[in-house]
Amino acid sequence: MSDRYIDFANSDLGRRLVGAVGLPSPARLERWQAGRLRPVEGALLLGGGPLAAKVAAFGPRLTAELFSFADEALGLPAWVAGLGSKLKAVVFDASAISDSDQLKQLREFFQPLLRSLAPSAKVVILGRAPESLDDPQASVAQRALEGFSRSLAKELRAGGTLQLLYVGSDAEDQLEGALRFFLSPKSAFVSGQVLRLGACVRQVQDWTRPLAGRTALVTGAARGIGAAIAETLARDGAEVVLLDVPQVKDDLDALAARLGGRSLSLDICASDAPAQLLEGLPEGIDIVVHNAGITRDKTLANMTPEFWDAVLAVNLKAPQVLTQALLDGGALHADARIVLLASISGIAGNRGQSNYAASKAGLIGLAQAWAPLLAKTGGSINAVAPGFIETRMTAAIPFALREAGRRMSSLGQGGLPQDVAEAVAWLAQPGTGAVNGQVLRVCGQAAMGA
Ligand code: NAD
């Protein structure tokens, strides 16, 4: 469903009215277009500690316009506030900040540039995970970065986003993959997120087809977010296997044919689903995306056993049973990437969704519980938690609630299925084993559960 308010707020008349009355003014977000090569099209400013030099080394692969913040040490032209070009992206390395006095570096670095950000600018702050540091002072200062990052993300205008990446000392070689995602329009609807990067021995070989040579299974792929995930994984070079219920076989077959993939018509809750799945994947699988999901909303006082059972069975039990079957059947390849579609309802809770929120919180638990097991073979398992995404599921929400869902986020709008798909595709990359057992929200920094 299209969001007509964005069109209105970005029209000449709308801009004037929205400004005068103080209504929310969601920007038109820039998104990744097929055929684009560089993650950043415009000026990228680097500053801060030693990791900025690491980024400068591969920076020319990110953009043609690299600048430092008056720091000749990086060997880059200096960017001067008010004189230089508008900034499309900014990376600040805060990893060397080792006590609370030094936190003022954040204000000193960011304040002069905030009025020079281009529309849909991407900001990334780098740090060290507080729990990895022996010095309590340093640990406190690094923890403080979270509050700063989430606040500044809320202050950005015109579709700007900001994330904090805690980079392990053994994970610096995975920075490029993470920045290719967080500095590009692929992360258009991701903001205010905090992720940890750990060691990963695998690297992406070809950035134009990062999933080449990998086979990916997507459940619930006939429509909505699942279809977008299948398209995006195929775009990135994966061979795709699309799964959905037999009732939508025609749609599923048509999409699989268009993507040069295969289809599997299967109810993931059927008693013989594990056996059918193994039979359908004789060569095994590298990437599994558990996307199929349903809602049966009722307050708990009115919740029927059927509503409760159906949601728990599809959303939580089936991903557990099928993943276990793939493991037991030896079908899950080494370095496997598993992505679970959770929801911000599973983080914040949502009235009328006790069954759905339980299932989605359970998926987050699944990612956390299985991460060590997957890591033993170089694998990873993570959850993506979408916020309000424009799909059939959200089109069915009553108007007033739908409007509230759209606007109550820093970006003031709903996301698109493509936004969720880009996050899944990034987590599916060989190098993104650096992220394991974590939750990535794709929610425009929704107020809910933030
Ligand atoms: P959708 O209803 O449009 O599509 C879900 C797909 O899953 C359908 O094609 C359906 O046939 C399939 N499916 C359902 N039960 C199945 C079963 N038993 N076996 C096999 N396939 C089955 O939903 P969507 O909006 O695209 O959501 C996709 C996922 O993202 C879901 O897990 C949903 O909970 C999650 N999510 C969506 C939103 C949103 O705003 N749309 C927000 C948060 C999370």
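The structure presented is a predicted model; accordingly, all values stated were derived computationally and were not measured. Start at 1 and go down the list; that is how both ligands and their atoms are numbered.
Listed by number with element, the atoms of ligand 1 under 4.0 angstrom from any heavy atom of Asp267 are 17 (C), 18 (N), 19 (N). Taking a cut-off of under 4.0 Å to the non-hydrogen atoms of Ile294, the atoms of ligand 1 that pass are 14 (C), 15 (N). With ligand atoms numbered from 1 in the order given, ligand 1 contributes 40 (O), 42 (C), 43 (C) to contacts under 4.0 Å with heavy atoms of Gly387. Shown in contact with Ala342 at under 4.0 Å from a heavy atom are these atoms of ligand 1, numbered in order with element: 44 (C). For ligand 1 and Leu266, the ligand atoms under 4.0 Å from any heavy atom of the residue are 19 (N), 20 (C). Less than 4.0 angstrom separates some heavy atom of Val245 from each of these atoms of ligand 1: 11 (O), 16 (C), 17 (C), 19 (N), 20 (C), 21 (N), 22 (C). Interface of Gly224 with ligand 1, defined as ligand atoms under 4.0 Å from a residue heavy atom, comprises 26 (O). Close approach of ligand 1 to Lys360 (heavy-atom distance below 4.0 Å) involves ligand atoms 31 (C), 32 (O), 33 (C), 34 (O).
A distance of 10.5 Å separates CD of Glu390 from CD1 of Ile225, quoted to the nearest 0.5 Å.
Using modelled atom types, one finds no donor on one side chain facing an acceptor on the other under 3.5 Å when comparing Asn291 with Thr219. Remark: the Ser410 side chain and the Gln445 side chain contain an N/O donor-acceptor pair separated by less than 3.5 Å.
Where the criterion is an N or O separation shorter than 3.5 Å, residue side chain and backbone included, Asn291 meets it with respect to ligand 1.
Judged as a ring pair (Phe, Tyr, Trp, His ring centres under 6.0 Å), the pairs with a partner in residues 180-208 (not counting sequence neighbours) are, in order, Phe181-Trp426, Phe182-Trp426. The side chain to side chain donor-acceptor pair (under 3.5 Å) pairs that include a residue from residues 314-327 are His290-Thr323, Asn315-Ser359, Gln324-Asp328, where partners are two or more places apart or lie in different chains.
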